[in-house]
Amino acid sequence: MKKLWPVMLLLLAACKQKNYNADLLIKNAIVYTVDSAFSKANAFVVNKGKIIAVGDIDSLEDKYLAREVVDAQGKPFTPVLLMPTRIFTNTDWVYSKYL
């Protein structure tokens with residue numbers, strides 16, 4: 001019985017639930033922002049249908065743990081001015097479950 005305790009503790013530690021703070025992280029994209037400088041980024045984070053962060057891949061992966069991570073493979077993304085919570089792209093990707 002004493003030999004089972006370490007195994008049971010190891011199994012219990014492996015079952016720890018992850019604390020996600022975002023629904024979707026899209027990385028390796030060309031993200032055109034609509035700030036005063038029209039700067040570009042290479043990743044963004046979506047939570048509850050809204051873009052919550054835009055920036056570089058490393059800083060966003062350090063700050064957010066997303067339920068799903070998508071590699072955009074260099075495809076461009078542009079925010080839509082009339083519907084700022086929607087993400088449209090010139091690809092066939094549709095993320096309707098997040099928006």
Side-chain angles (χ1 to χ4, degrees):
M1 185 68 176
K2 289 183 180 181
K3 293 181 181 180
L4 288 178
W5 279 106
V7 174
M8 289 173 49
L9 288 174
L10 183 63
L11 289 174
L12 183 63
C15 294
K16 183 182 177 194
Q17 202 171 28
K18 293 184 178 182
N19 294 324
Y20 297 107
N21 57 0
D23 293 329
L24 176 67
L25 168 66
I26 296 184
K27 62 182 186 175
N28 296 324
I30 301 171
V31 183
Y32 297 100
T33 65
V34 188
D35 60 4
S36 60
F38 289 99
S39 59
K40 293 182 188 177
N42 59 14
F44 64 96
V45 179
V46 177
N47 192 34
K48 297 179 183 173
K50 295 186 180 181
I51 298 172
I52 58 172
V54 177
D56 67 290
I57 297 167
D58 295 330
S59 65
L60 294 181
E61 284 182 329
D62 290 343
K63 189 174 181 180
Y64 296 99
L65 180 60
R67 294 183 193 281
E68 186 173 352
V69 177
V70 175
D71 186 351
Q73 301 173 350
K75 294 182 174 70
F77 286 84
T78 306
V80 176
L81 297 176
L82 298 176
M83 295 184 292
T85 60
R86 301 285 185 214
I87 303 167
F88 290 96
T89 176
N90 63 350
T91 66
D92 294 334
W93 296 358
V94 177
Y95 294 102
S96 59
K97 68 180 181 179
Y98 297 107
L99 304 175

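We're numbering straight along the sequence, starting at 1. Computation of the quantities below employed the complete heavy-atom set of this structure, encompassing side-chain atoms and omitting hydrogens, waters and symmetry-equivalent molecules.
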Subject >> Side-chain heavy atoms of E61 within contact of L25, under 4.5 Å >> reply: yes

Subject >> Closest contact, heavy atoms only, A72 versus I26 >> reply: CB-CG2, 3.9 Å

Subject >> Pairing residues for D35 by the side-chain contact (heavy atoms from CB on, under 4.5 Å) criterion, not counting sequence neighbours >> reply: T33, A37, S39

Original post:
Taking the side chain as C-beta and beyond, is there a heavy-atom pair between I52 and V46 under 4.5 Å?
Top reply: no

**OP:** Please say which of D58, I30, D56 ends up in a side chain to side chain contact (heavy atoms under 4.5 Å, CB included) with N42.
**Re:** D56

Subject >> Where L60 and A53 come nearest, the two heavy atoms and their spacing >> reply: CD2-CB, 3.7 Å

Original post:
Which heavy-atom pair separates V54 from V31 by the least distance, and what is that distance?
Top reply: CG1-CG1, 4.1 Å

Subject >> Interatomic distance, R67 atom CZ to N21 atom CG [nearest 0.5 angstrom] >> reply: 9.5 Å

Original post:
What pair of heavy atoms forms the shortest contact from Y64 to V45, and how long is it?
Top reply: CD1-CG2, 3.7 Å

**OP:** Evaluate the criterion side-chain hydrogen bond (donor to acceptor under 3.5 Å, both in side chains) for residue pair D62 and S59; output intermediate values, then yes/no.
**Re:** CA-CA 5 Å; D62 290 343; S59 65; over 6 Å; no

Subject >> Exercise: identify the closest heavy-atom pair between V69 and K27 >> reply: CG1-CE, 3.8 Å

Original post:
Do side-chain atoms of N28 reach the backbone of Q73 as a donor and acceptor pair under 3.5 angstrom?
Top reply: no

Original post:
Under the salt bridge (Lys or Arg N to Asp or Glu O under 4.0 Å) rule, what pairs show up with a residue in residues 37-47, not counting sequence neighbours?
Top reply: none

**OP:** Just do the side-chain contact (heavy atoms from CB on, under 4.5 Å) check on L24 and V70 with the steps written out, would you?
**Re:** CA-CA 8 Å; L24 176 67; V70 175; 3.6 Å; yes

Original post:
Of all heavy-atom pairs between N47 and A22, which one has the smallest distance, and what is that distance?
Top reply: OD1-CA, 3.7 Å

